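Below is one structure, written out as structure tokens, with a few remarks after it.
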Amino acid sequence: MFWRLYKYGLLTCVRQKMMVFWSLLFPVALGTLFQMSFGGAMDSIEFQKIPTAYVVEEGADATFTELLESLEKDSELVEVYAVTKEEAERLLKEEDVEGIFYNSKDDGITLTVTEQGINQSILSSILEQYERTFSTFTNIGREAPQKIAAAASLLEEESRYLKEENISEEPKSDMMDFFYALIAMNCLMGATAGVACASNFKADLSALGARRVIASTNRLRILFSDLAAYVTVQFVYTTFSVLYLMYVLKAPFGNHLGMILLIAFLGNLLSVFLGFFIGLLGGMSETLKEGISVMFMLTSSFLSGLMLDGMYRIVDTYAPVVHLVNPASLIVNALRSLDIYDTYEIYVQCAAGLVALTVLLGAGAYVMVRRERYASI
């Protein structure tokens, strides 16, 4: 009996045009627009040497010159152009260099930039670090000359600059957050299907629900078959969207297809139960309940970063507890963790959060339907 009801539930789902559009066609179209808009921004960003002009007077501090040479050859941090003052100003004006280091015999070492950015901050940090180190060694040489060698050895141990390494084989881009949020939204679209499932279950909301109440078949068996059918179809639609993003649009999700689909299934399961819970509330019309479900889906997706770049980090900074109960945030965080970390701790935590929310919604729905009775139909 269950499998027959499950088959009829599948046929009912695939014939719902609105579900096909919002859960299948819309995510595919939106993902295509993302890819067209981002273009080359999806590629990983490689660090480039910072072009820097260097003007040095005769007789000026040679130590700073040696530092720049070391940073250029050993660390590959900067690309130094030793030029005259006039040539340096021209290069800076034409934006061929990010800044100018002046090494004057009388005024010391200064830095000139025309804007504030990451490269300019790095150049400023180089100068600040040099000045602090120079001041430290000057004081040591004046107060305890015998300790200069030990201080130099300690400085050499601490001067271990970062080395660029990939923690996974796939390139990373901040733009991938939009695709993670898109998958999360696709999962949450199952909430409208849950509302339809509730409408078909309650006798006071639909004619089909009324016929099921007077039927001889156990209502809970009908309900479980319907929920299983809606979750299955929603998961198939989401799987199609994920495969389209990975293999047609070439979005770099890495080699974690199975784990992506697992978190997507949990998201679909949660969304259908969420919609079913909303569908059981009060005497509101089905249209109004669908509107509530859509509003929740859009709000959840917004907080996870779908509509605004950096929104996830803003919420994480000022209201981190929101991400613990926001389904879209849990899905996004789980997907992101697969690319960033080499362990699955965060992934498991997010999956457990989705399961816990699903259990709470299922328990609440069961409480509302287990003793439901109708005086008349």
Side-chain angles (χ1 to χ4, degrees), residues 18-46 166 168-193 233-268 270-271 293-316 322-323 326-341 346-347 350 354:
M18 292 300 294
M19 187 176 178
V20 172
F21 175 78
W22 288 110
S23 297
L24 179 63
L25 300 181
F26 181 75
V28 168
L30 189 57
T32 303
L33 292 177
F34 279 170
Q35 179 68 16
M36 294 172 59
S37 301
F38 300 152
M42 291 297 300
D43 299 330
S44 58
I45 301 174
E46 297 183 358
N166 289 328
S168 65
E169 297 179 356
E170 296 295 328
K172 301 296 174 288
S173 170
D174 289 341
M175 298 302 173
M176 283 301 299
D177 287 348
F178 286 103
F179 287 93
Y180 298 146
L182 175 59
I183 293 176
M185 182 192 71
N186 196 176
C187 294
L188 294 182
M189 283 180 174
T192 56
V233 173
Q234 181 66 27
F235 178 62
V236 170
Y237 291 161
T238 305
T239 300
F240 179 85
S241 300
V242 172
L243 295 177
Y244 177 81
L245 294 176
M246 292 184 66
Y247 297 109
V248 178
L249 299 185
K250 305 297 182 181
F253 284 103
N255 301 318
H256 306 286
L257 177 59
M259 302 193 74
I260 292 174
L261 294 182
L262 174 59
I263 208 71
F265 173 77
L266 294 178
N268 292 146
L270 169 63
S271 67
S293 299
V294 172
M295 181 62 65
F296 178 88
M297 180 266 294
L298 292 176
T299 303
S300 180
S301 300
F302 173 76
L303 295 175
S304 69
L306 179 65
M307 294 82 165
L308 181 62
D309 184 25
M311 176 53 65
Y312 187 97
R313 291 185 289 274
I314 293 174
V315 175
D316 192 46
V322 172
H323 288 323
N326 180 20
S329 296
L330 292 173
I331 296 172
V332 168
N333 198 23
L335 296 177
R336 185 192 290 117
S337 70
L338 293 176
D339 280 345
I340 295 179
Y341 304 106
I346 294 180
Y347 178 91
C350 294
L354 292 173

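Here the structure is a predicted model, which is why all the values come from computation and not from measurement.
- Met295 CE: 12 or fewer foreign heavy atoms inside a 6.0 Å radius.
- Remark: Leu33 CG to Phe178 CZ distance equals 13.0 Å, nearest 0.5 Å.
- When the ring pair (Phe, Tyr, Trp, His ring centres under 6.0 Å) test is applied to Phe26, the partners found at least two apart in sequence or on another chain are Trp22.
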Stepwise side-chain contact (heavy atoms from CB on, under 4.5 Å) test for Leu306 and Val332: CA-CA 10 Å; Leu306 179 65; Val332 168; over 6 Å; no
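- Rounded to the nearest 0.5 angstrom, Ile183 CD1 and Met246 CE are separated by 8.5 Å.
- Heavy atoms only, all atoms of each residue included: Asn186 and Ser241 are closest at OD1-OG, 2.8 Å.
- Between Leu354 and Cys350, the closest side-chain pair of non-hydrogen atoms is not below 4.5 Å.
- Not one N or O on the side chain of His323 forms a donor-acceptor pair closer than 3.5 Å with the backbone of Leu303.
- No side-chain heavy atom of Ile263 sits under 4.5 Å from any side-chain heavy atom of Met259.
- For the pair Leu338 and His256, the tightest heavy-atom approach, listed with the atom from each and the gap, is O-NE2, 3.2 Å.
- A distance of 10.5 Å separates OG1 in Thr32 from CZ in Phe34, rounded to the nearest 0.5 Å.
- Between Pro27 and Phe21, the closest heavy-atom pair is CD-O, 4.2 Å.
- The closest side-chain heavy-atom distance from Leu245 to Leu182 is below 4.5 Å.
- Distance alone, capped at 3.5 Å, places no donor-acceptor pair between the Gln234 side chain and the Leu188 backbone.
- Looking at every heavy atom in both residues, Ala193 comes nearest to Met19 through CB-CE, 3.9 Å.
- The CD1 atom of Ile340 lies 15.0 Å from the OH atom of Tyr347; values are rounded to the nearest 0.5 Å.
- Atom CE of Met185 sits about 9.0 Å away from atom OG of Ser23, to the nearest 0.5 Å.
- In this structure a side-chain-to-backbone donor-acceptor pair under 3.5 Å is present from Thr192 to Met189.
- Here the side chains of Leu335 and Met176 are not in contact, with every heavy-atom distance at 4.5 Å or above.
- Here the straight-line distance linking atom CD1 of Ile331 with atom OG of Ser271 works out to 8.0 Å at 0.5 Å rounding.
- With hydrogens and angles ignored, the 3.5 Å screen pairs a side-chain donor or acceptor of Ser304 with a backbone N or O of Ser301.
- In this structure, the side chain to side chain contact (heavy atoms under 4.5 Å, CB included) partners of Val248, at least two apart in sequence or on a different chain, are Tyr244.
- Applying the ring pair (Phe, Tyr, Trp, His ring centres under 6.0 Å) test to Tyr237 and every residue at least two apart in sequence or in another chain returns nothing.
- Side-chain atoms of Phe235 and Leu261, non-hydrogen and from C-beta on, do get closer than 4.5 Å to each other.
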